[in-house]
A.B. asks: 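First the structure, which I've put down as structure tokens, then a few questions once you've had a look.
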Amino acid sequence: MSTGRQAPSGPGPQPRPAGHTPDPYAAGHLAEPYRIKVVEPVRTTTREQRRALLEAAGYNLFLLRSEDVAIDLLTDSGTGAMSDRQWAGLMVGDEAYAGSRSFYALKAAVEDLFGMPHVIPTHQGRAAENVLFTTLVRPGQTVPNNMHFDTTRAHVQHKGGRPLDLVCPEGRRAMGDYPFKGNVDVEALEALLAREGPEGVPLVMVTVTSNTNGGQPVSLANLTAVSECCRRHGVPLFIDACRFAENAWFIREREPGQQGRPVRDVVRDMFALADGCTMSAKKDGLANIGGFLAMRDPELYRQAVAWAVLFEGFPTYGGLAGRDLEAIARGLYEAASEDYLAHRVGQVRYLGERLRSAGVPIVEPVGGHAVYLDAGRFLPHLPPERFPGQALAVELYLEAGVRGVEVGTVLAGRDPETGEHARPPMELVRLAVPRRVYTRAHLDAVADAVLAVFARRDGVRGMKFTYEPPVLRHFTAGFDWA
Ligand code: F0G
């Protein structure tokens, strides 16, 4: 009989047999699937200290020192905890300029998991976007995506391209339990490709999971339809793979015919439909830095490598230390393991469920990496120009030292034509959960803080700018209560 023990060596934790994926969060048993071997103390602060710290930071949570934050949910990017196997990998990292053993470890992992033979490491995800779009995108061309992440959009525009979001209609609404709100509107894609062809559309991208509308997954059926559409029109399909494992988990959980399949098989099937991918290893690479660009076509690889050398460095290190490559190679396998994912996605759902069951308005269903508070409905007395998302994020920090991030009018900036605030579809606060960092007790503390602010929501005041920078205003703006 199998003991289910994992071998001490090999590429990483092996998947358990299909079917063996207890969902500890659904069952009410909430043990984290790891033991804590190293701890990082968290400083506690009083409400009065937090009030002073907020004032000194101009009520901009980006300008707080992280040591003044009790529970940091600003992002799930680069903030995860590495495993003992990854830390051990740092010691065997090969720092050779060319031909590093650690590059070959990464290449083997990407080929094994994704089936992509050509891999270019990059210093993070946006660098992979830069290399790919510099190779493929020409001024005036359109790049469709289910929903572009900010950096992807900016890199398309930097090449003179036109980013186009073609997410399905369900994906544009905060309410409703549609299971795959990251899906592409395939009819709209078909119409675009029929109209503009490969001359007008150099590539199609699909972001898994879709970060911009709440970490929402894309189904295998939808990816298959997108892939067939791309092939019919001779346009390459690239996956923005940052959260590939979380997406595969949702397919395994929610898609008819996919239930209980090993995650690595689902991952294989997803990537078999694509010609390449960009990756930020700061998410499902379980590393603190790094990324890569991977593809099938050797000719495209040859062209991309030329730009990679210019932007990132020799293609066997790509802006990273050998030890980082080793950590990513190991992290990719760990992210694709069922025990890890059941807990990871369950943890985010647990936080969402605690809030939803108490009547707190959130984006539904809860996505893979974050809970999004709907600040517009949370604080209906505040109009967009009083920044309800910013006010709510500030109150959460004041309440319990929890740091989230506004995703609303402040982030959206101004319309360049009219000079007015742009009107984002929703006023949100993102609570992104770092991987393997916080326990259930931390999430309970977050939920308690949100509920405490919810109980006194009528008294929450709006905010105004004291300083508004001309570009990317959310990072450095100053605020005060209105
Ligand atoms: N694509 C998606 C879907 C992302 O979420 C991110 C980063 C990137 C690309 C860029 O990767 O940061 O390694 O250059 N998202 C982070 C976040 C920053 O907080 O959601 P990067």
Side-chain angles (χ1 to χ4, degrees), residues 6-15 32-38 75-94 100-114 116 119-125 127-128 208-209 239-249 262-264 266-268 270-271 277-294 317-345 347 368-369 432-438:
Q6 288 161 4
S9 59
Q14 301 301 308
E32 276 69 22
Y34 44 81
R35 292 185 292 196
I36 296 165
K37 192 164 347 205
V38 177
T75 180
D76 64 321
S77 180
T79 52
M82 294 209 297
S83 68
D84 51 358
R85 285 180 54 83
Q86 287 177 290
W87 281 104
L90 299 191
M91 288 306 297
V92 296
D94 176 355
S100 159
R101 183 176 62 237
S102 303
F103 166 74
Y104 287 103
L106 175 64
K107 181 173 151 63
V110 172
E111 184 149 21
D112 183 27
L113 288 164
F114 300 157
M116 304 266 173
V119 183
I120 303 174
T122 59
H123 77 274
Q124 58 184 78
V208 300
T209 57
I239 295 179
D240 179 337
C242 298
R243 300 179 178 87
F244 75 96
E246 290 163 11
N247 198 90
W249 179 258
V263 166
R264 277 164 65 171
V266 177
V267 170
R268 267 276 180 171
M270 286 165 59
F271 286 83
C277 66
T278 55
M279 175 73 188
S280 166
K282 302 170 75 172
K283 285 86 169 174
D284 280 352
L286 289 171
N288 299 118
I289 194 69
F292 57 82
L293 172 62
Y317 73 85
L320 294 169
R323 53 181 170 271
D324 297 326
L325 301 170
E326 200 72 49
I328 298 166
R330 295 174 184 218
L332 289 170
Y333 282 105
E334 294 179 10
S337 94
E338 281 84 1
D339 286 351
Y340 159 76
L341 282 167
H343 172 264
R344 158 67 178 161
V345 175
Q347 202 181 36
H369 67 293
V433 182
R435 295 170 181 77
R436 304 193 291 208
V437 169
Y438 293 120

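Note: hydrogens, waters and symmetry copies are ignored here, and every other heavy atom, side chains too, is used. Position 1 is the first residue of the sequence, and the numbers go up from there. Remember, it's a predicted structure, so these values are computed and weren't measured experimentally.
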A.B. asks: Are side-chain N/O atoms of D112 and Y333 paired as donor and acceptor at under 3.5 Å?
C.D. replies: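 Indeed, the side chains of D112 and Y333 share at least one donor-acceptor pair under 3.5 Å.
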
A.B. asks: Hey, is the main chain of Y438 close enough, under 3.5 Å, to the side chain of Q347 for a donor-acceptor pair?
C.D. replies: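 Checking the backbone N and O of Y438 against the side chain of Q347, a donor-acceptor pair under 3.5 Å is found.
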
A.B. asks: Please report the closest heavy-atom contact between M279 and G285, naming both atoms and the distance.
C.D. replies: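 Minimum heavy-atom separation between M279 and G285: CE-N, 3.6 Å.
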
A.B. asks: What I'd like to find out is whether the side chain of Y34 reaches to under 4.5 Å of the side chain of H343, using heavy atoms alone.
C.D. replies: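 Of all side-chain heavy-atom pairs linking H343 with Y34, at least one is under 4.5 Å.
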
A.B. asks: Less than 4.0 angstrom from a charged side-chain N to a carboxylate O is my criterion; do R435 and E246 meet it?
C.D. replies: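 A salt bridge links R435 with E246.
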
A.B. asks: Main chain of F244, side chain of D284: is a donor-acceptor contact present, judged purely on distance under 3.5 Å?
C.D. replies: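 Indeed, once roles are kept as given, a pair shorter than 3.5 Å links the two residues.
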
A.B. asks: What's the shortest heavy-atom distance between N288 and G78, and which atoms?
C.D. replies: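 Heavy atoms of N288 and G78 come nearest at ND2-O, 3.0 Å.
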
A.B. asks: What I'd like to find out is whether the side chain of S102 reaches to under 4.5 Å of the side chain of R323, using heavy atoms alone.
C.D. replies: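 They are not in contact (no side-chain heavy atoms under 4.5 Å apart), so the answer is no.
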
A.B. asks: Rounded to the nearest 0.5 Å, how far does CG of N247 lie from CG of L341?
C.D. replies: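 Answer rounded to 0.5 Å: 11.0 Å.
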
A.B. asks: Report the residue from K282, K283, R243 that forms a salt bridge (Lys or Arg N to Asp or Glu O under 4.0 Å) with D76.
C.D. replies: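 Answer to the salt bridge (Lys or Arg N to Asp or Glu O under 4.0 Å) test with D76 among K282, K283, R243: R243.
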
A.B. asks: Could you give the distance from CD (Q124) to CG (D324), rounded to the nearest 0.5 Å?
C.D. replies: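 If we round to the nearest 0.5 Å, Q124:CD and D324:CG are 11.5 Å apart.
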
A.B. asks: Any non-hydrogen side-chain atom of W87 less than 4.5 Å from a side-chain atom of L90?
C.D. replies: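 With C-beta onward as the side chain, the pair touches.
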
A.B. asks: Can you name the nearest heavy-atom pair linking Q86 to G331, along with the distance?
C.D. replies: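 Result for this residue pair: NE2-CA, 3.3 Å.
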
A.B. asks: State the CD-CG distance between E326 and L320, to the nearest 0.5 angstrom.
C.D. replies: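 Separation between the atoms: 12.5 Å.
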
A.B. asks: Within the structure provided, determine whether F271 and M116 are in side-chain contact (heavy-atom separation under 4.5 Å).
C.D. replies: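 A side-chain contact exists here, since the closest heavy-atom pair is under 4.5 Å.
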
A.B. asks: Is the backbone N or O of D94 less than 3.5 Å from a side-chain atom of S100, with the two atoms forming a donor-acceptor pair by type?
C.D. replies: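 It does hold such a pair.
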
A.B. asks: For R436, is the CZ atom crowded, meaning more than 12 foreign heavy atoms sit under 6.0 Å from it?
C.D. replies: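 Counting neighbours around CZ of R436, more than 12 heavy atoms of other residues, nucleotides or ligands fall under 6.0 Å, so yes.
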
A.B. asks: Closest heavy-atom contact between A329 and A109?
C.D. replies: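 Closest approach of A329 to A109, heavy atoms only: O-CB, 3.9 Å.
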
A.B. asks: V119 versus E111: any side-chain heavy-atom pair under 4.5 Å?
C.D. replies: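 SC-SC contact between V119 and E111 ruled out.
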
A.B. asks: Mind listing the closest non-hydrogen atom pair of S280 and C242 along with its distance?
C.D. replies: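 The answer is CB-SG, 3.6 Å.
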
A.B. asks: Hey, does M82 have a side-chain heavy atom less than 4.5 Å from the side chain of L286?
C.D. replies: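 In short, these two side chains do not touch, never coming nearer than 4.5 Å.
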
A.B. asks: How are the rings of F292 and F114 set relative to one another: parallel (under 30°), tilted (30 to 60°) or perpendicular (over 60°)?
C.D. replies: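 Tilted.
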
A.B. asks: Nearest 0.5 Å please: distance from the CD1 atom of I120 over to the CZ atom of F103.
C.D. replies: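 Taking CD1 in I120 and CZ in F103, the distance rounds to 8.5 Å.
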
A.B. asks: Would you indicate whether the side-chain heavy atoms of V437 and T79 approach each other to under 4.5 Å?
C.D. replies: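 Result no, sub-4.5 Å side-chain heavy-atom pair not found.
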
A.B. asks: Of all the heavy-atom pairs spanning M270 and I239, show the shortest one and how long it is.
C.D. replies: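 Nearest heavy atoms, M270 then I239: O-CD1, 3.7 Å.
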
